[in-house]
Amino acid sequence: MNKKKKPFLGMPAPLGYVPGLGRGATGFTTRSDIGPARDANDPVDDRHAPPGKRTVGDQMKKNQAADDDDEDLNDTNYDEFNGYAGSLFSSGPYEKDDEEADAIYAALDKRMDERRKERREQREKEEIEKYRMERPKIQQQFSDLKRKLAEVTEEEWLSIPEVGDARNKRQRNPRYEKLTPVPDSFFAKHLQTGENHTSVDPRQTQFGGLNTPYPGGLNTPYPGGMTPGLMTPGTGELDMRKIGQARNTLMDMRLSQVSDSVSGQTVVDPKGYLTDLNSMIPTHGGDINDIKKARLLLKSVRETNPHHPPAWIASARLEEVTGKLQVARNLIMKGTEMCPKSEDVWLEAARLQPGDTAKAVVAQAVRHLPQSVRIYIRAAELETDIRAKKRVLRKALEHVPNSVRLWKAAVELEEPEDARIMLSRAVECCPTSVELWLALARLETYENARKVLNKARENIPTDRHIWITAAKLEEANGNTQMVEKIIDRAITSLRANGVEINREQWIQDAEECDRAGSVATCQAVMRAVIGIGIEEEDRKHTWMEDADSCVAHSALECARAIYAYALQVFPSKKSVWLRAAYFEKNHGTRESLEALLQRAVAHCPKAEVLWLMGAKSKWLAGDVPAARSILALAFQANPNSEEIWLAAVKLESENNEYERARRLLAKARSSAPTARVFMKSVKLEWVLGNITAAQELCEEALRHYEDFPKLWMMKGQIEEQGELMEKAREAYNQGLKKCPHSTPLWLLLSRLEEKIGQLTRARAILEKSRLKNPKNPGLWLESVRLEYRAGLKNIANTLMAKALQECPNSGILWSEAVFLEARPQRKTKSVDALKKCEHDPHVLLAVAKLFWSERKITKAREWFHRTVKIDSDLGDAWAFFYKFELQHGTEEQQEEVRKRCENAEPRHGELWCAVSKDITNWQRKIGEILVLVAARIKNTF
């Protein structure tokens, strides 16, 4: 029997097993399997189901939502090319190989997208441009008209008619709601319309009506329910007269309550009764509840500790702030009773009380506190008469003779003679007050002042001001030889008395002496303290900083003293002599500068710049022979010095001594042949019109110095001047072979091609130059301008973007980029430029021009000042500044800019060099060049 038993009997069915499915039998479901039909609102079997699942309808909705999430594999959702709309395998497990496949597909999609990206972006850009052209903004539509507004004159602008009021009559004249007081007759009339009749028509009584002889009838002689009140019997009218009387009576009562019971006169103006109520509004900004809390808290403090003065003062001030001045006065007077020895309480009481009462309060305070200086000062302030003030202060000095404050206040009220007598008594009472001693010394005669200061030194041996005052006294009386001794003795004496010599304080005192005009004292102080507390290796650096600081504080004599002392210590230091020479040049006289330079070249004969400064000073003063003799001495000290040769040539050529200049250059070429000497020789012949000689010299120079780009540039420019374009091109090309990194050569060649009309060749030259000289802002700028001049603004903008990527910190590129933008975007661009190049003069100049174009005159002037301060060598900045002042400034401002420019002697700048390097302007001075450059500028930016 066991053999016949099937092995699977009694075991669980395999997963997914359906009985009878193998032989074709299919199961079916009957009503008994799923239970009876149920309504949607029937409760479910689970008694503890959560809200939203407690009815059959809720469960059905949930099952339907779950079915919607399943894949829709219906034929209607199938496409022959794309397949099913959804993913066929979204319900399956997401494994690692699926993830790898998705990553590969994503990489392929990304790669394909990158290949199409450029075309897609170009297409989008074209679509946007096309859209902008078809539907331009209002701002762009009116941009040309806005530009033309710059040409509108003031008269045309003022003649534009005013725009009328476009509103209709009802909007222009709105009818406001009017509230009119209703007259008494209105009430009376409407009372009659709704009244009850209290009498019978006589016609009714004529024919045996209601009028009976019996007293029990309606019309009785006795008064009935109608009382003689406001409604009068028989009329039914409201008596408005009585209401008016009652109202007047009520107002009389109100006004009588605030009247003065003593004099019988009202203290309130009846007409301004309501207006005066405004004065009762508290002026503080706090909350009423906070004030009540503070009042309660301060009351608690006063009761807990009635002898605590700050509690009384705070309480009084709280009441003062809330507008209750009388309460504040009462409180503070109570405080003076509780704290009679408190100075602050008495002073507060005097402040709160009016004039005469305050004097009485102060008198009472003096009786309680006879030694209080502050109360005496307050008493003097309360007096209006000078004699009364003096009397109060003298009384105070009897009680407090050692108060410096009282003595100073008393002395200030006296005449000089009486003040001197008082001060002589004051210094006896307060022998340690430096101020009193110095004030007495100022009022005394020279002899007595010396005695006073000697006494002061004995009483106060540790104060430096007495010594400095003594030195100033001697200087003022002509004893300058004593000044040095006094200051030296001061240092020795103060050190002996244990006083530390504070170098910074002494330098400040010297600056004060300088400002007061005591030059000898200031210089003596500087010499005495300048070397104190400085390490030997830091001396030069520290002293130069001190000199700069003195110049910044306008203490020029102090700076001069520092330089003189530094030159004694470092007589052979060229840098110190140069700093001193520049100081004299900027702040001294011509004589002081020449005297300093004579000493300088004696100590540093090899310093060419000192010789040249001396010669230039003589030349500018018109003393040409003296300048020649200085240069001759310089030749002896520095034989074959290129700088001195060229200075001598410039001196002769500027003074029209051309033959002398030629001979000097010939000597220089034989004894000290340098590229610059040859260049100056070529230029001299060129400007004098000897073109053949200039070309010969140029050829000779190029045989020796073929890698000097300026010679190639001059050769090309001479050919270009003679309209020999082929030879000029050849010269530039030869020069670029020898000097491929010379930016000006590339620019000259490019401009030559552009001038001929070969725009493509010029563009190619600039591209080649950028390849050979990467990150060169000048070449990028020329490329941008080339396209702009050709009218290709889009290409110019693209090139500018590339240029700023390659040279992000180039000021000249950013300044050009600002004005390439449309007017509304310029300000944003200028902000970006300032972030990248905050201290670049070209960017600052661009911002100044931007403000100028917007007619913000004050801001533009401020930015021009910043530009020339940061880089005074930029000629373009001076030219734009001068042009700006010509249009918007006064003659004084124009003259100031011209003088500052001449002192700065600028040498660089695109527009500046175009004029100054022009051979027709070779003898022009700085001021003349400034005018020429400004005339060329057209403010069309």
Side-chain angles (χ1 to χ4, degrees), residues 679-680 682-684 686-687 689 694 709-723 725 728-729 731-732 735 742-756 762 765-766 769 776-790 810-813 815-816 819-820 840-843 845-846 848-849 864 867-868 871-884 886 897-898 901-902 904-941:
M679 183 188 75
K680 294 289 182 184
V682 174
K683 188 172 182 184
L684 181 66
W686 185 13
V687 296
K710 287 191 177 180
L711 290 170
W712 292 108
M713 287 155 61
M714 290 172 82
K715 183 181 179 183
Q717 284 171 328
I718 291 169
E719 300 293 359
E720 203 174 327
Q721 187 182 340
E723 300 293 330
M725 298 305 179
R729 183 189 290 151
Y732 292 145
S742 170
T743 304
L745 264 177
W746 286 109
L747 298 181
L748 283 169
L749 181 57
S750 163
R751 285 171 190 165
L752 176 68
E753 299 295 353
E754 187 186 0
K755 188 176 174 183
I756 298 167
I765 287 165
L766 286 172
S769 70
N776 188 315
L779 295 172
W780 276 108
L781 182 62
E782 185 62 23
S783 301
V784 171
R785 286 180 178 170
L786 177 71
E787 303 300 345
Y788 197 82
R789 287 194 293 265
S810 168
I812 53 171
L813 286 176
S815 61
E816 188 75 12
F819 290 99
L820 278 180
D840 191 282
H842 295 91
V843 173
L845 180 59
K849 285 157 63 179
F864 275 124
T867 309
V868 296
D871 187 2
S872 58
D873 192 47
L874 185 64
D876 289 5
W878 288 108
F880 275 105
F881 196 3
Y882 186 66
K883 179 79 172 182
F884 170 79
L886 283 175
V897 171
R898 196 177 61 78
C901 178
E902 286 174 354
E905 296 182 0
R907 291 280 179 271
H908 295 92
E910 191 179 0
L911 298 170
W912 186 270
C913 289
V915 174
S916 64
K917 302 276 184 183
D918 191 342
I919 56 163
T920 55
N921 302 325
W922 73 286
Q923 275 190 313
R924 293 199 184 269
K925 301 284 189 291
I926 298 287
E928 296 170 356
I929 294 172
L930 177 69
V931 174
L932 287 173
V933 179
R936 282 196 182 190
I937 293 170
K938 293 178 175 58
N939 48 339
T940 53
F941 36 82

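- Counting only distance, with no hydrogens or angles, the side chain of Ser872 and the backbone of Val868 share no donor-acceptor pair below 3.5 Å.
- Under the 4.0 Å criterion applied to side-chain N and carboxylate O atoms, Arg785 and Glu910 are assigned as salt-bridge partners.
- Interatomic distance, Asp840 CG to Leu813 CG, rounded to the nearest 0.5 Å: 10.0 Å.
- Minimum interatomic distance between Leu874 and Gly909 (heavy atoms only, all atoms of both residues): CD1-CA, 3.9 Å.
- In this structure, Asp873 and Glu905 approach most closely via the heavy-atom pair OD1-O, 3.8 Å.
- Counting heavy atoms from C-beta outward, Arg729 and Ile756 have side chains that approach closer than 4.5 Å.
- Rounded to the nearest 0.5 angstrom, Ser916 OG and Leu932 CG are separated by 10.5 Å.
- Taking 4.5 Å as the limit, some side-chain heavy atom of Leu820 sits within range of a side-chain heavy atom of Val784.
- In this structure, Ala879 and Val933 approach most closely via the heavy-atom pair CB-CG1, 3.3 Å.
- We find that Lys715 and Glu720 are not joined by a salt bridge, their nearest charged nitrogen and carboxylate oxygen being 4.0 Å or further apart.
- Using a 4.5 Å cut-off on side-chain heavy atoms (C-beta onward), Pro744 and Pro709 make no contact.
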Go through the steps for Leu911 and Arg936 under the test side-chain contact (heavy atoms from CB on, under 4.5 Å), then give the verdict.
-> CA-CA 9 Å; Leu911 298 170; Arg936 282 196 182 190; over 6 Å; no

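- A donor and an acceptor atom, one from each side chain of Glu816 and Tyr788, are nowhere located under 3.5 Å apart.
- Counting only heavy atoms from C-beta outward, the side chains of Leu766 and Ser769 approach each other to under 4.5 Å.
- Atom CG of Leu786 and atom CD of Glu753 lie 11.0 Å apart (nearest 0.5 Å).
- Residue Pro777 comes nearest to Ile812 through the heavy atom pair CB-CD1, 3.8 Å, listed as atom of the first residue, atom of the second, then distance.
- Counting heavy atoms from C-beta outward, Leu779 and Leu747 have side chains that approach closer than 4.5 Å.
- Ring centroids of Phe864 and Phe884 are separated by less than 6.0 Å, placing the two rings close together.
- Note that the CG atom of Leu749 and the CZ atom of Arg751 stand 11.5 Å from one another [nearest 0.5 Å].
- Between Ile926 and Trp878, every side-chain heavy-atom pair lies at or beyond the 4.5 Å cut-off.
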Start with the C-alpha distance between Arg789 and Glu754, add both sets of side-chain angles, then the distance that settles salt bridge (Lys or Arg N to Asp or Glu O under 4.0 Å), and finish with yes or no.
-> CA-CA 10 Å; Arg789 287 194 293 265; Glu754 187 186 0; 2.8 Å; yes

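- For the pair Ala846 and Ser815, the tightest heavy-atom approach, listed with the atom from each and the gap, is CB-CB, 3.7 Å.
- With a 4.5 Å cut-off on side-chain heavy atoms, Thr867 and Phe881 do not count as touching.
- Remark: Gln717 CD to Lys710 NZ distance equals 11.0 Å, nearest 0.5 Å.
- Among all heavy-atom pairs drawn from Gly716 and Tyr732, the shortest one is C-OH, 3.4 Å.
- Note that CG of Asp918 is 9.5 Å distant from CZ of Arg924, once rounded to the nearest 0.5 Å.
- Using a 4.5 Å heavy-atom threshold, the side chains of Glu719 and Met725 count as separate.
- Around atom NZ of Lys883, more than 12 heavy atoms belonging to other residues, nucleotides or ligands sit under 6.0 Å away.
- For the pair Asp876 (side chain) and Trp912 (backbone), a donor-acceptor distance under 3.5 Å is present.
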